[in-house]
Participant: 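Dumping the structure here so I can ask a few things about it.
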There are 2 protein chains.
Amino acid sequence: MARKPPSADSLLQLDNQICFAVYSASHAFNRVYKPLLDRLGLTYPQYLVMLVLWERDGVAVKEIGERLYLDSGTLTPLLKRLEQAGLIKRARSTEDERQVLIGLTAQGQTLKDKARAVPPSILAASQCSVAELTAIRDEIAALRDRLNAMAGVNGR
Amino acid sequence: MARKPPSADSLLQLDNQICFAVYSASHAFNRVYKPLLDRLGLTYPQYLVMLVLWERDGVAVKEIGERLYLDSGTLTPLLKRLEQAGLIKRARSTEDERQVLIGLTAQGQTLKDKARAVPPSILAASQCSVAELTAIRDEIAALRDRLNAMAGVNGR
DNA sequence: AACAATTCAATCGTACACAATATAAAAAGC
DNA sequence: GCTTTTTATATTGTGTACGATTGAATTGTT
């Protein structure tokens, strides 16, 4: 058995772990988003749901879950709060009554205009060029997809 | 009114947002970690606290919070669960009674040996070279630090 | 047609995460 | 010395996250 390398346990060191970098960056993003989203009356996961709906209206809960990698246990109460806020409506599909279709209300549609102000503010806060952010984004997304494949999550 | 440009609202598209890449990657990491950490009887945030303590024992709650970017509202109940599990002990500092010092129990020390198996498994799941992961890690950490600076979070 | 297997959403229990507030100890100012 | 301010932790309330289970609806198979 060989002796330990010079920096014993370096793999267990917090700052060496990519997962912690990602975990803490996620929180950091949330902190930057919060004041911006407060103006829209949304939390960050709620904002993600709205992004999905602004891309395509009238989606089943399951599809929202597939796009955001969230399950019904998370989405059901979140969607109820969005409904409470008057931004979406929930209705069982008539073709397949197992599904609940999520649609935007007029108010939910309108909110998109205010939301356009958000991404530029984030870009500014990151103090990065668009090219840099795009590169990191694609690397992280690729890493995420490999991890999800490993954990048996079916992608989009 | 002009027609929409080819990629109207591209900034609002889910997959174009780096924050979503980070957010979803963080969840993906959690999914990969879960079965590994279940064997240690830890959740991921609990594992992070243990990493801090394995690096240096007998730290105040505040310092743990600074390293992990978490506040007492998160840490207090988490630390109580770790105490319940017999991995740590909590004791008010005698010099400064505002501080609660967190120390490893013998059992908490021992757990480090089992924990050494975790990082290699993560590395394998990522299907990346160490060099690639290191590069992404440092980019994300740098981004996180800029975002935190923007949000007024005092670094380490 | 009948029934087993699957799918989808909801529910429940546990565990973060953070804002806001409370409390108590220590430090600073006068 | 005594008040004010700051600091460290704890508490409470709201909102995610996710595993496990349930129940209703659909599909697949015989």
Participant: Measure from NZ on B/K80 to C1' on C/dT14 and round the result to the nearest Å.
Facilitator: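 Whole-Å distance recorded here is 16 Å.
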
Participant: Please give, in whole Å, the distance from C/dT7 C1' to A/R92 CZ?
Facilitator: 12 Å

Participant: Please state how far atom CG in B/L79 lies from atom C1' in C/dA15, giving the value in whole angstrom units.
Facilitator: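 Rounded to the whole Å, the gap is 13 Å.
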
Participant: Would you mind reporting whether B/V61 and B/I64 have side-chain heavy atoms less than 4.5 Å apart?
Facilitator: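 No. Closest side-chain heavy atoms not under 4.5 Å.
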
Participant: Could you give the NZ-to-P distance, from A/K62 to C/dT6, as a whole number of Å?
Facilitator: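 Atom-to-atom, A/K62 to C/dT6, this comes out as 14 Å.
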
Participant: Mind checking whether B/L104 and B/M50 have side chains closer than 4.5 Å, heavy atoms only?
Facilitator: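 Touching, per the 4.5 Å side-chain cut-off.
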
Participant: Indicate, with a heavy-atom threshold strictly under 4.0 Å, whether B/E95 touches base, sugar-phosphate, or nothing.
Facilitator: sugar-phosphate

Participant: Could you give the CZ-to-C1' distance, from A/F29 to C/dC18, as a whole number of Å?
Facilitator: 19 Å

Participant: Is a salt bridge present between B/E83 and B/R90, judged by a nitrogen-to-oxygen distance below 4.0 Å?
Facilitator: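 Between B/R90 and B/E83 there is a salt bridge, with a charged N closer than 4.0 Å to a carboxylate O.
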
Participant: Would the distance check show the side chain of B/S26 and the main-chain N or O of B/V22 forming a donor-acceptor pair, the cut-off being under 3.5 Å?
Facilitator: no

Participant: If I take atom CG from residue B/L147 and atom CD1 from residue B/I140, how far apart are they, to the nearest 0.5 angstrom?
Facilitator: 11.5 Å

Participant: What is the separation between atom CD1 on B/I64 and atom P on D/dA8, rounded to the nearest whole Å?
Facilitator: 14 Å

Participant: Do B/R98 and D/dT9 have a side chain to base donor-acceptor pair shorter than 3.5 Å?
Facilitator: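 By the distance-only test, no, there is no pair.
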
Participant: Figure out the CG/C1' separation between A/D96 and D/dA25, and round it to whole Å.
Facilitator: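 About 7 Å, once rounded to whole Å.
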
Participant: Parallel, tilted or perpendicular: which fits the ring planes of B/Y47 and B/Y33, with parallel below 30° and perpendicular above 60°?
Facilitator: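 Ring orientation, 0 to 90° scale: tilted.
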
Participant: Where do N or O atoms of nucleotides 15-22 of chain D meet protein N or O atoms at under 3.5 Å, pair by pair?
Facilitator:
residue	atom	partner	partner atom	Å
D/dT16	OP1	A/T43	OG1	2.4
D/dT16	OP2	A/Q46	NE2	2.6
D/dT16	OP2	A/R81	NE	3.0
D/dT16	O5'	A/R81	NH2	3.4
D/dA17	OP2	B/Y23	OH	2.3
D/dC18	OP1	B/R31	NH1	3.3

Participant: Nearest-Å distance, CG (A/L101) to C1' (C/dC8)?
Facilitator: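 Result: 12 Å.
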
